[in-house]
Amino acid sequence: MDKNYDHKKYEKDIYRKWEESGAFTPKIVKNKKPFTIILPPPNASGGMHTGNVLMIAIEDILIRWHRMKGDPTLWLPGTDHAGTETQITYERELKKEGKSRFQFDRKTLYKNIQEFVFKNKHFIEDQIRAMGASVDWTRYKFTLDEDVLETVRETFEKLHNEGLVYRDNYMVNYCPVCGTTYADIEVSHEEKNDPLYFMKYGSFTIATVRPESKFRDTALAVNPKDKRFKEWIGKTLEIPGLLGPIMMTVIPDPEVDPKFGTGIMKVTPAHDPHDFELGKKFNLPVLPIIDLDGRMDFSWFLNQENIDSKYRTRAEKYHKKKVREARKLMVEDLKEDGLLIKVDDAYSHPVPVCKAGHEIEPTVLPNWFIKVESLKKPALEAVKSGQIKIYPKWREITYIRWMESMHDWAISRQNVWGIRLPVWYSLEKNPTLQLTYLKTDGQRVLRSGQGVLSSKELDEARDGLQQLSAPIGSEYVISQTSPGSDYLQETDTFDTWFSSGQWPLVTLGYPDSNDFKYFYPTDVMETAWEILSKWVSRMIMFGIYLTGKVPFKDVYLHGIVRALDGRKMSKSLGNVINPEEYIEQYGVDALRIGLVSGTANGKDFNFPKDRVIAFRNFANKVWNIARFVNSVQGLASSVQTENEDDRLILNDLNKLIKDVDRLLEKFRFAEAGEKIYEFVWHKFADVYIEKYKNSKTQNFQTLNHVLVTSLKLLHPFMPFVTEAIWQEMKFDGQLITASWPIINDQK
RNA sequence: GGACGACUAGCUCAGUGGUAGAGCGCUUCGUUGACAUCGAAGAGGCCGUUGGUUCAAUCCCAACGUCGUCCACCA
């Protein structure tokens with residue numbers, strides 16, 4: 001054995017031996033209770049970040065502990081196609097080549113993204129191995145595996161058959177740059193500075209940051225308690241505007257803050273979520289003015305006859321301009337007409353942005369929804385009744401709040417990279433279908449259903465299809481395969497959480513595989529608390545809905561690893577910690593247990609660099625304890641009888657075993673790790689071994705026993721160094737499959 | 001606006017109804033049969049503020065202050 005433990009010399013070989021020996025694959029024993037964890041799948045085309053390392057470290061502790069205890073233990077690995085995120089990444093690559101996704105039909109684009117992902121997928125798989133994750137690779141799943149797709153489609157069909165699926169026009173968070181809809185929970189808000197314009201509205205003045213939408217305003221809202229405007233409620237006014245007069249009704253809305261601006265709010269049902277609701281309540285028309293590319297659309301105006309030439313010129317000027325650009329032009333014209341009263345340039349407000357940081361344009365679109373009422377009730381009850389326990393307990397309230405307030409779930413996304421809805425539209429029966437496709441010559445065309453019915457054109461449309469938009473009320477068929485020659489499949493894909501919400505089921509081969517029958521429900525779901533609402537809640541809903549059983553018994557939520565400076569890691573701040581550097585420098589063991597001991601209770605915490613170094617030193621300490629034991633093996637002075645020191649250390653060891661078991665039961669990993677550290681270093685090495693050196697009654701058996709037991713206890717926390725020692729010392733078999741220590745009561 | 005969490009040694013964080021803990025850092029000493037990625041000894045804290053419960057509070061309760069995070073959002 002070398003003087004110091006060199007992690008680089010051992011890690012790879014040891015992992016290979018583990019994997020090749022089949023140690024990761026559980027032996028199914030009918031009457032034995034299994035222990036199962038499904039690995040939350042990391043992004044297949046992404047890299048390993050510190051959060052992943054923490055996740056793997058914690059799960060591996062539980063897994064190795066149970067495996068050593070003799071439970072049939074399954075840790076099932078997988079990777080995620082990460083729909084929107086991956087598509088954004090891929091489109092960035094395209095942009096570098098001067099291309100955009102609109103130059104491809106969706107089949108080709110899908111294939112290209114798939115190649116891109118498959119090319120990168122092995123990186124993350126290698127990293128999971130490098131972490132030492134003792135996952136069962138023979139059961140590895142990707143979120144777009146064929147059997148996964150099948151189950152997901154069947155679930156949709158089942159929901160549909162039971163009346164839980166519907167289509168509706170809905171105000172969605174639409175990102176014109178990404179070309180897709182985002183769920184509320186995916187949208188964040190950024191404080192932005194936007195001028196607040198005070199515009200003349202007939203005899204009123206209103207304040208708005210969005211003067212461009214005023215052409216499609218359909219009402220004015222005032223607070224019913226506001227005495228200033230009481231008499232106007234219900235009246236219809238003619239208001240002079242940039243393109244001539246508009247008629248508008250004054251409606252009451254208690255949400256209007258009389259103190260904000262002028263106390264009057266303009267209502268644009270087509271482009272504001274609150275206004276959309278208001279519009280439903282008062283039966284206001286929904287008149288869009290911004291198209292799906294984020295440009296102003298004035299066709300509704302320009303198509304009219306007998307337009308004043310001044311107005312025509314203006315409308316033509318705004319038409320197809322980006323929103324902000326058009327706004328500038330309009331402000332100029334407002335000034336010209338004397339309609340602009342003042343501008344508050346200091347105004348700042350929260351603006352919704354998508355995952356990629358683009359501004360969200362609230363838009364009314366047909367979307368697919370799930371009625372969650374009947375799904376969420378049992379999911380809520382499962383946690384309230386304690387059938388599912390959430391650790392740390394204080395996170396539970398987040399779940400309960402979220403579930404209680406959960407509203408119907410928009411499950412369709414206008415992405416290509418994802419699972420396409422198994423919905424088919426007949427062109428014949430739906431003449432109002434809108435198709436965007438590439439012709440064989442590469443030309444991009446937009447057509448409605450009528451007119452593409454010739455078989456040649458239909459083939460062209462099918463091959464070159466980019467997007468299909470079916471108005472509400474369109475006839476459709478749900479089917480895993482095409483129901484007929486004039487049918488086209490829905491181009492929307494499922495929200496990632498719709499499919500990943502079924503992850504514990506699909507990974508185990510729901511509904512009738514042996515694995516599913518044996519391992520489901522799983523034991524622990526361990527993940528970042530950030531996705532408690534997005535993911536954990538959906539898994540519970542679908543688990544219960546499809547099987548009648550909860551998908552897991554315990555939910556353990558770990559905190560977010562912040563950067564060394566205490567801020568959230570982000571590329572723009574340049575404070576991202578690359579775990580690989582730490583692995584290279586200090587070894588995986590040190591990084592893993594360092595992270596685990598950095599967080600005791602699921603709170604967010606700063607990257608514990610000093611602890612990583614401390615545990616690197618500890619790995620070396622354990623290594624050298626083993627070297628010492630090795631060096632004194634077979635020395636003549638060794639006796640059989642136990643002395644006082646022996647009894648002391650064995651007693652402490654027994655206590656340690658009890659403590660570790662107790663703490664792991666309660667998910668107190670940091671404390672368990674530190675107990676072992678304290679025992680091994682400060683009791684075993686500092687006291688017992690130091691005394692051993694000078695003792696006249698050295699008992700090698702005790703010395704060896706304490707080492708062996710310490711290695712076993714430490715193995716879940718620091719798998720590599722302990723296994724390396726085990727091999728170097730030529731102990732029996734592999735430590736990974738050695739038996740967990742039990743308390744020796746005779747002492 | 002609503003909620004949750006934090007405030008303990010120079011730094012990062014554990015912890016408990018009854019003389020305060022770890023890692024790192026710091027000071028002094030040390031090449032003793034594994035380890036300088038080490039050993040020995042040590043300094044350092046009215047456990048955010050103010051009240052309350054208690055024989056006893058860093059821990060329980062209330063209020064306040066500061067910070068962080070999440071949710072909802074006002075044109």
Side-chain angles (χ1 to χ4, degrees), chain A residues 1-7 184-185 187-189 194 196-199 206-211 213-214 217 220-223 253 255-268 271-275 278 347 349-352 392 394-398 400-402 405 529-530 532-533 559-560 562 564-568 585-587 590 594 597-632 635 637 668 670-671 673-675 677-678 681-682 685-686 689-690 692-694 698 707:
Chain A
M1 287 170 87
D2 297 339
K3 195 171 164 189
N4 293 111
Y5 170 61
D6 177 9
H7 58 270
D184 287 347
I185 200 161
V187 172
S188 52
H189 293 261
D194 278 316
L196 184 65
Y197 301 97
F198 286 76
M199 299 162 37
I206 58 127
T208 180
V209 288
R210 307 208 59 176
S213 60
K214 83 169 249 180
D217 290 353
L220 290 173
V222 298
N223 192 306
D253 176 18
E255 298 285 309
V256 174
D257 178 1
K259 285 188 265 280
F260 184 91
T262 57
I264 310 168
M265 185 180 83
K266 68 195 202 61
V267 182
T268 320
H271 295 290
D272 182 278
H274 176 251
D275 294 1
L278 216 51
Y347 182 68
H349 65 151
V351 176
W394 54 269
R395 291 273 185 215
E396 207 180 272
I397 190 88
T398 315
I400 290 172
R401 286 273 156 74
W402 160 258
S405 64
W529 61 261
E530 274 186 313
L532 177 65
S533 320
I560 313 294
R562 290 186 305 244
L564 291 164
D565 58 12
R567 291 193 288 182
K568 230 179 161 172
Q585 214 174 339
Y586 304 113
S597 82
T599 174
N601 45 22
K603 273 186 316 196
D604 293 354
F605 63 107
N606 296 356
F607 184 82
K609 185 179 176 175
D610 50 6
R611 278 175 203 269
V612 176
I613 297 170
F615 280 107
R616 187 275 310 258
N617 296 349
F618 181 56
N620 192 55
K621 187 74 189 181
V622 181
W623 178 261
N624 273 288
I625 289 170
R627 279 184 78 210
F628 176 77
V629 174
N630 221 0
S631 73
V632 299
L635 285 189
S637 57
R668 296 173 71 155
E671 218 175 315
E674 271 151 32
K675 282 257 197 278
Y677 177 98
E678 157 71 17
W681 199 317
H682 300 305
D686 288 350
I689 289 181
E690 288 309 315
Y692 186 94
K693 286 177 187 169
N694 298 316
Q698 293 172 334
L707 172 66

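Keep in mind that what you see is a predicted model, and the values were worked out from it rather than measured. Chain naming here is simple, since letters A, B, ... match the order of the sequence lines and numbering starts at 1 in each.
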Whole angstroms only, please: what is the CG-P distance between A/Asp610 and B/C11? 13 Å

Taking the same atom, C1', in B/G39 and in B/G44, what whole-Å distance lies between them? 22 Å

For the C1' atoms, the ones on B/C47 and on B/C13, what distance do you get once it is rounded to whole angstrom? 13 Å

What's the CD-C1' distance between A/Glu671 and B/U16, to the nearest Å? 11 Å

Work out how far the P atom of B/U58 is from that of B/G17, and round it to whole angstrom. 13 Å

Which sits closer to the 5' end of RNA chain B, A/Glu678 or A/Trp394, going by the nucleotide each is nearest to? A/Trp394

What one should report as the nearest heavy-atom pair of A/Thr398 and A/Leu532 is CB-CD2, 4.0 Å

Can you give the dot-bracket line for RNA chain B, where a pair is Watson-Crick or G-U wobble with both atom distances under 3.5 Å, crossing pairs use [ ], and | marks a partner on another strand? (((((((..((((.......)))).(((((.......))))).....(((((.......))))))))))))....

Could you state the atom-to-atom distance from NZ of A/Lys603 to C1' of B/U8 in whole Å? 11 Å

Should the ring pair A/Phe618 and A/Tyr677 be called parallel, tilted or perpendicular, given that the plane angle runs from 0 to 90° and is split at 30 and 60? tilted

Base, sugar-phosphate, or nothing for A/Asn601, non-hydrogen atoms under 4.0 angstrom? sugar-phosphate

Remember a base hit wins even if backbone is also touched, and classify A/Tyr677 as base, sugar-phosphate or nothing at under 4.0 Å, heavy atoms. sugar-phosphate

Distance between P atoms of B/A75 and B/U16 (Å, rounded): 45 Å

Below 4.0 Å: OP1/OP2 of B/C13 and any side-chain N or O of A/Arg562: yes

Rounded distance in Å between the P positions of B/C55 and B/U69: 43 Å

Which heavy atom in A/Thr208 sits nearest to a heavy atom in A/Met199, and how many Å separate them? CG2-SD, 3.7 Å

Determine yes or no for a side-chain-to-main-chain donor-acceptor pair under 3.5 angstrom, with A/Asn620 supplying the side chain and A/Tyr5 the backbone. yes

Taking CD from A/Gln698 and P from B/A34, how many angstroms apart are they, rounded to a whole number? 13 Å

Every protein N/O lying under 3.5 Å from an N/O of nucleotides 70-75 of chain B:
from  : atom 1 : to       : atom 2 : distance (Å)
B/A75 : OP1    : A/His349 : ND1    : 3.1
B/A75 : OP2    : A/Tyr347 : OH     : 2.7
B/A75 : N6     : A/Asp257 : O      : 2.8
B/A75 : N6     : A/Phe260 : O      : 2.7
B/A75 : N1     : A/Asp257 : N      : 3.3

Quick one: pull up NE2 in A/His682 and NZ in A/Lys621 and give me the separation to the nearest 0.5 Å. 9.0 Å

Whole angstroms only, please: what is the CZ-P distance between A/Phe615 and B/U12? 19 Å

Atom pair CG/CG of A/Asn606 and A/Leu564 - distance to nearest 0.5 Å: 7.5 Å

Mind checking if A/Leu564 touches a base, just sugar-phosphate, or nothing, with heavy atoms under 4.0 Å? nothing

Nearest heavy-atom pair of A/Gln698 and A/Tyr692: which atoms, and what distance? NE2-O, 2.7 Å

Rounding to an integer number of angstrom, what distance separates B/C26 and B/G45 when you compare their C1' atoms? 16 Å

Measure the spacing between CD1 of A/Ile625 and CG of A/Leu707 and express it to the nearest 0.5 Å. 7.5 Å

Using ring centroids (six-membered ring only for Trp), state whether A/Tyr586 and A/Phe615 fall under 6.0 Å. no

Dump the pairs, protein N or O against N or O of nucleotides 35-42 of chain B, anything under 3.5 Å, distances to one decimal.
from  : atom 1 : to       : atom 2 : distance (Å)
B/C35 : O4'    : A/Asn624 : OD1    : 2.8
B/C35 : O4'    : A/Asn624 : ND2    : 3.2
B/C35 : O2'    : A/Asn620 : ND2    : 3.1
B/C35 : O2     : A/Lys621 : NZ     : 2.8
B/C35 : N3     : A/Lys621 : NZ     : 3.0
B/U37 : O4'    : A/Asn617 : OD1    : 3.1
B/U37 : O2'    : A/Asn620 : ND2    : 3.1
B/U37 : O2     : A/Arg616 : NE     : 3.4
B/C38 : OP1    : A/Asn617 : ND2    : 3.3
B/C38 : O3'    : A/Lys621 : NZ     : 3.2
B/G39 : OP1    : A/Lys621 : NZ     : 3.3
B/G39 : OP1    : A/Trp681 : NE1    : 2.3

Rounded to the nearest angstrom, tell me the gap between atom CG in A/Asp604 and atom C1' in B/C13. 14 Å

Show the nearest heavy-atom pair for residues A/Ala221 and A/Leu278, with the distance to one decimal. CB-CD2, 4.2 Å

Select base, sugar-phosphate, or nothing to describe what A/Arg567 touches, counting heavy atoms under 4.0 Å on all strands. nothing

Distance between C1' atoms of B/A22 and B/A14 (Å, rounded): 7 Å

Main-chain N/O of A/Asp2 paired with A/Trp623 side-chain donor or acceptor, under 3.5 Å: yes

Could you state the atom-to-atom distance from CZ of A/Phe607 to C1' of B/C13 in whole Å? 15 Å

Using only heavy-atom distances, determine whether the side chains of A/Arg627 and A/Asn630 contain a donor-acceptor pair under 3.5 Å. no

Where the side chain of A/Arg668 is concerned, which of B/A34, B/C4, B/G15 is the nearest nucleotide? B/G15

Which atom of A/Phe605 lies closest to which atom of A/Pro608, heavy atoms considered: CE1-CD, 3.9 Å

A/Leu532 CG to B/U69 C1', straight-line distance once rounded to whole Å: 14 Å

Students often get this wrong, so: under 4.0 angstrom with heavy atoms, is A/Arg401 touching a base, only sugar-phosphate, or nothing? sugar-phosphate

C1' spacing across the pair B/C7 / B/C59, given as an integer number of angstrom: 14 Å

